[in-house]
Visitor: 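This is the structure I want to talk about, given as structure tokens.
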Amino acid sequence: MSKPGKKKKKVLFVVEIVVLLLFIGGLYAYGQISSKLDKIEQPELDEQKIYVNAEAPSVTGYSTYVLFGIDTRGAGSQYSAKNSDTMIIVSVNNDTKEVKMASVYRDTLLNVGNDTYTKANAAYAYGGPEQAISMLNTNLDLNITDYATADFSALVEVVDELGGLDIPLSYAEIEHMNNYCQETSKVTGKDYTPVEKPDPAPADQEAIIGTYHLNGVQVTSYCRIRYTASLDMGRTERQRKVLGMLFDKAKKAGLSSIFNIMDKVFPMVQTSLSKQEILKLIPTMIGYKFGDTTGFPSQYKFSNVKGSIIVPTTLESNVAELHKFLYNDMNYTPSSEITARSEKILEIVGGEGKLDDAAANTSQNDGTDNADDTFIWSENTESDAGTDDYYSESSDTGYTGGNDNDYDDTVDTGDTGDTGYDDTGDSGYDDTVDTGDTGDTGDIGYDDTGDTGDTGYDDTGDTGEDFVDSAVEE
């Protein structure tokens, strides 16, 4: 019969071994994560180019970040303006670990810098993350200094590595998702199987008809849909839903899956966070929980000055609601900068009485989503300001404007009057596979290989489809 003292020593010894193994395992995991973090692009932000309103409130007890999603169309693509069509403000309550997300609608009329008022997503194309962050700070009375940027290829990899997602879909979502999958698959080099639509179509095509297991290409395409009745509001809601689902699934995934994600995805990510800051965040993320999400502006109307833009009514009231949501701040008072911008926005659109309750008809079949469909208003006094229908050219390098309705036709030299790239007399962009398409008829999109009457981008083999989803607009 063994003595009680010896039993106690044996138990303590076993506990010590377990603790030691856990510690060694932790060190191994830490080392693995640390080495993989070296793959993230971490350019140094030019802090002198990040602006904050002088009267912006000082927020304590929260950390605030912004996630930018851009469509690069792959390395070296000529069809990308690198607009940040996804802009998600993330607030983290440092005490409760509650995470809230607020999407800024891409078509919201805001001052993107240099007194240029246009769609909010253009700020990233104008001046990279510095100008995009400044746009959010100065229009929303925020003080954001940290960000992360990725394109949709990163999302495809994450979803596939985590085994896909089960997502409820409507008939309309299935239809549009299948359309987007064609391009997403081509750009990412990943496969998918189209979801079969019920036949006949249901009377209510916006109603959920079932839950489907989707892979990375499909989930990413689902996140790009903005042609259903809910427009960009529905698109951003889908994005926030998917991020929440991925976060919950990642917390349950094994280390091997997490390491594989890091290997594949980190090279596609750019962030201002240092390696040390990310390492400090990782141990606490297991305790984070996703709370409510919303979109900005919460009260809005539409101006159909050219295409359709979202107008906050008013900017002051919407920013106040945003601060309540992100920081539970019931005492926030908009700064004088917000008041001035609020007044300017309504002045530009002719007053609230000129606004519409519904957006202009935008669908994959109406051709309204082209690059010259962007409203610009600028107080810029340079001679070329306002001649270009996309950029105000207040700080652009390499854009000549002329009488051109889009970008600088960089392939062409001095082709004043051309409404697209490189195709003399062509009403679209450089249909690269169509050699010598002077005066090309019916093809008013990009690279429409073999398309008949296609008014969209790169819809290989599509007939009569207006699929337009460029980085310039999408």
Side-chain angles (χ1 to χ4, degrees), residues 18-43 63 65-70 86 88 90-94 96-101 146-167 184 188-192 213-223 238-291 293:
V18 171
V19 170
L20 181 60
L21 289 173
L22 288 174
F23 179 70
I24 293 172
L27 285 179
Y28 170 76
Y30 183 92
Q32 287 288 304
I33 293 171
S34 179
S35 66
K36 293 177 188 301
L37 287 175
D38 291 332
K39 299 181 179 183
I40 297 180
E41 185 181 351
Q42 294 176 309
S63 298
Y65 310 92
V66 59
L67 306 178
F68 293 118
I70 60 174
T86 296
I88 301 178
V90 181
S91 77
V92 180
N93 186 311
N94 296 331
T96 66
K97 305 303 179 186
E98 182 182 24
V99 178
K100 290 185 177 181
M101 293 186 289
D146 288 311
Y147 79 99
T149 297
D151 66 14
F152 56 59
S153 296
L155 180 57
V156 173
E157 294 287 358
V158 173
V159 173
D160 283 343
E161 193 59 43
L162 291 176
L165 296 176
D166 295 320
I167 297 180
T184 304
T188 62
K190 300 287 187 176
D191 295 327
Y192 74 102
H213 187 75
L214 306 181
N215 74 352
V217 168
Q218 293 168 317
V219 170
T220 301
S221 299
Y222 167 80
C223 287
R238 294 181 193 99
Q239 293 171 353
R240 298 191 302 271
K241 179 196 299 184
V242 164
L243 285 177
M245 294 174 73
L246 288 175
F247 184 80
D248 288 340
K249 203 162 186 179
K251 288 200 296 185
K252 301 172 185 176
L255 274 180
S256 61
S257 292
I258 299 300
F259 287 161
N260 285 338
I261 290 173
M262 289 178 175
D263 280 333
K264 295 177 181 178
V265 175
F266 279 8
M268 304 176 185
V269 176
Q270 174 180 309
T271 183
S272 60
L273 291 171
S274 69
K275 182 176 174 178
Q276 290 71 30
E277 288 171 324
I278 297 173
L279 284 170
K280 287 179 182 178
L281 282 173
I282 290 173
T284 61
M285 288 184 69
I286 194 69
Y288 288 177
K289 56 182 180 294
F290 270 81
T293 72

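Since the model is a prediction, treat every value here as computed from it, not as a measurement.
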Visitor: State, yes or no, whether a side-chain contact exists between Thr86 and Gln239 at a heavy-atom distance under 4.5 Å.
Guide: yes

Visitor: Suppose we screen for salt bridge (charged side-chain N to carboxylate O under 4.0 Å, His left out). Which residues come up paired with Lys39, at least two apart in sequence or across chains?
Guide: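 Here the qualifying residues are Asp263.
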
Visitor: With sequence neighbours left out, what residues match Ser63 under side-chain hydrogen bond (donor to acceptor under 3.5 Å, both in side chains)?
Guide: Asn94

Visitor: Nearest 0.5 Å please: distance from the NZ atom of Lys241 over to the CD1 atom of Ile167.
Guide: 7.0 Å

Visitor: Could you pull out all donor-acceptor pairs under 3.5 Å where a side-chain atom in residues 250-257 meets a protein atom, sequence neighbours excluded?
Guide:
from	atom 1	to	atom 2	distance (Å)
Lys251	NZ	Tyr288	O	3.0

Visitor: Rounded to the nearest 0.5 Å, what's the gap from CG on Leu246 to CD1 on Ile261? Could you check?
Guide: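 So the CG of Leu246 and the CD1 of Ile261 are separated by 8.5 Å.
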
Visitor: Can you list every salt bridge (Lys or Arg N to Asp or Glu O under 4.0 Å) pair that touches residues 154-167, not counting sequence neighbours?
Guide: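 Those involving residues 154-167 are Glu157-Lys190, Glu161-Lys264.
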
Visitor: Sequence neighbours excluded, which residues qualify as side-chain hydrogen bond (donor to acceptor under 3.5 Å, both in side chains) partners of Glu277?
Guide: Ser274

Visitor: Does a donor on one side chain and an acceptor on the other come within less than 3.5 Å for Ser153 and Thr188?
Guide: no

Visitor: Determine whether Leu243 and Met101 satisfy the following criterion, side-chain contact (heavy atoms from CB on, under 4.5 Å), listing intermediate values before the conclusion.
Guide: CA-CA 10 Å; Leu243 285 177; Met101 293 186 289; 4.0 Å; yes

Visitor: Do side-chain atoms of His213 reach the backbone of Gly163 as a donor and acceptor pair under 3.5 angstrom?
Guide: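 Side chain of His213 to backbone of Gly163, a donor-acceptor pair under 3.5 Å: yes, one is there.
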
Visitor: If you round to the nearest 0.5 Å, how far is OG of Ser91 from CD of Glu98?
Guide: 7.5 Å

Visitor: Please test Val90 against Val92 for side-chain contact (heavy atoms from CB on, under 4.5 Å), starting from the C-alpha separation and ending with a verdict.
Guide: CA-CA 7 Å; Val90 181; Val92 180; 4.3 Å; yes

Visitor: Not counting sequence neighbours, list each pair that qualifies as a salt bridge (Lys or Arg N to Asp or Glu O under 4.0 Å) and has a residue in residues 213-223.
Guide: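 Non-adjacent pairs meeting salt bridge (Lys or Arg N to Asp or Glu O under 4.0 Å): zero.
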
Visitor: Could you report the tightest heavy-atom contact between Phe152 and Thr220, atom names first, then the distance?
Guide: CB-CG2, 3.4 Å

Visitor: Would you find a donor on one side and an acceptor on the other, under 3.5 Å apart, between the side chain of Thr184 and the backbone of Val217?
Guide: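 Checked: no pair found.
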
Visitor: Quick one: list whatever passes side-chain hydrogen bond (donor to acceptor under 3.5 Å, both in side chains) with Asp146, sequence neighbours left out.
Guide: Ser272

Visitor: Roughly how far, to the nearest 0.5 Å, is the CD1 atom of Ile278 from the OG1 atom of Thr271?
Guide: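 Interatomic distance, Thr271 OG1 to Ile278 CD1, rounded to 0.5 Å: 5.5 Å.
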
Visitor: State which residues pass ring-ring contact (aromatic ring centres under 6.0 Å, His included) with Phe290; sequence neighbours excluded, sorted by chain then number.
Guide: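 For Phe290, the residues satisfying ring-ring contact (aromatic ring centres under 6.0 Å, His included) (neighbours in sequence not counted) are Phe247.
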
Visitor: Can you find a heavy atom in the side chain of Leu273 that is under 4.5 Å from one in the side chain of Tyr147?
Guide: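 Sidechains of Tyr147 and Leu273: no contact.
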
Visitor: Mind checking side-chain hydrogen bond (donor to acceptor under 3.5 Å, both in side chains) for Thr293 and listing every partner two or more places apart, or none if nothing turns up?
Guide: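 Partners of Thr293 under the side-chain hydrogen bond (donor to acceptor under 3.5 Å, both in side chains) test: Arg240.
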
Visitor: Heavy atoms, side chains only, cut-off 4.5 Å: are Thr149 and Ile70 in contact?
Guide: yes

Visitor: With sequence neighbours excluded, tell me which residues meet side chain to side chain contact (heavy atoms under 4.5 Å, CB included) with Lys249.
Guide: Leu162, Leu165

Visitor: Who are the salt bridge (charged side-chain N to carboxylate O under 4.0 Å, His left out) partners of Arg238, not counting sequence neighbours?
Guide: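 Glu173.
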
Visitor: Could you report the tightest heavy-atom contact between Thr96 and Lys289, atom names first, then the distance?
Guide: O-NZ, 2.8 Å

Visitor: Which atoms form the tightest heavy-atom contact between Val242 and Cys223, and what is the distance?
Guide: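 Residues Val242 and Cys223, closest heavy atoms: CG2-SG, 3.6 Å.
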
Visitor: Would you please name every residue forming a ring-ring contact (aromatic ring centres under 6.0 Å, His included) with Phe68, sequence neighbours left out?
Guide: Tyr124

